[in-house]
Amino acid sequence: QVQLVESGGGLVQAGGSLRLSCAVSGRRVYAMGWFRQAPGKEREFVAAISGSGGNTYQADSVKGRFTISRDNAKNTVYLQMNSLKPDDTAVYYCAARYISLSRLESEYDYWGQGTQVTVSS
């Protein structure tokens, strides 16, 4: 089994920054992803990273503002979020899978409980 625990969410003003963390424990996983779900909307892909950290992929809506990274020595994945907008308000989830990175929610095997990010205007 794999356990994922997100942290780092909170309330921030538009234009501000936050860094989310996802601590991974249990069986070793490979690709990690971040997804988000805003009130009344479907959960959507944000970013993904390969096991080595050498390959990353971001949604067009966050390119140039969000950066995904990982520290395998600490078993932690990060999402650095800059230039935040009110539209970024959502619950952010990290997810894990055993093989290559993906932007498809259905392809992830494990999920964290989520952390709330609220961006005020």
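A quick note: this is a predicted structure, and the numbers were derived from the prediction, not measured. Along the sequence shown, residues are numbered consecutively beginning with 1.
Side-chain contact between Asp88 and Met81 is absent, with no heavy-atom pair separated by less than 4.5 Å. Residues Val62 and Arg36 meet the side-chain proximity criterion, which asks for heavy atoms closer than 4.5 Å. By the 4.5 Å heavy-atom criterion applied to side chains, Leu4 and Tyr93 are not counted as neighbours. In this structure, Glu42 and Glu105 have side chains that are not in contact, with every pair of non-hydrogen atoms separated by 4.5 Å or more. Between Leu84 and Phe66 there is a side-chain heavy-atom pair separated by less than 4.5 Å.
For the salt bridge (charged side-chain N to carboxylate O under 4.0 Å, His left out) condition, no pair includes a residue of residues 49-59, sequence neighbours left out.
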Please table the atom pairs, donor to acceptor, closer than 3.5 Å between any side-chain atom in residues 10-30 and protein atoms at least two apart or in another chain.
unit_1 : atom_1 : unit_2 : atom_2 : d
Ser17  : OG     : Asn82  : OD1    : 2.9
Ser25  : OG     : Gln3   : OE1    : 3.3

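One finds a salt bridge joining Lys63 and Asp60 here, because a Lys/Arg side-chain nitrogen approaches an Asp/Glu carboxylate oxygen to under 4.0 Å.
A distance of 9.0 Å separates SG in Cys94 from CD1 in Ile68, rounded to the nearest 0.5 Å.
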Derivation and outcome, side chain to side chain contact (heavy atoms under 4.5 Å, CB included), residues Leu79 and Val46: CA-CA 9 Å; Leu79 184 68; Val46 175; 4.1 Å; yes
Should Tyr98 and Val2 be marked as a side chain to side chain contact (heavy atoms under 4.5 Å, CB included) after you check the CA-CA gap, both sets of side-chain angles, and the distance that decides it? CA-CA 10 Å; Tyr98 289 115; Val2 175; 3.8 Å; yes
Test log, rule side chain to side chain contact (heavy atoms under 4.5 Å, CB included), inputs Trp111 and Arg43: CA-CA 12 Å; Trp111 292 84; Arg43 189 154 56 183; 3.7 Å; yes
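Asn72 places a side-chain N or O within 3.5 Å of a backbone atom of Gly51 that can act as its donor or acceptor partner.
For the residue pair Tyr108 and Arg97, no side-chain donor N or O sits within less than 3.5 Å of a side-chain acceptor on the partner.
By the 6.0 Å and 45° rule, Arg103 does not stack over the aromatic ring of Tyr57.
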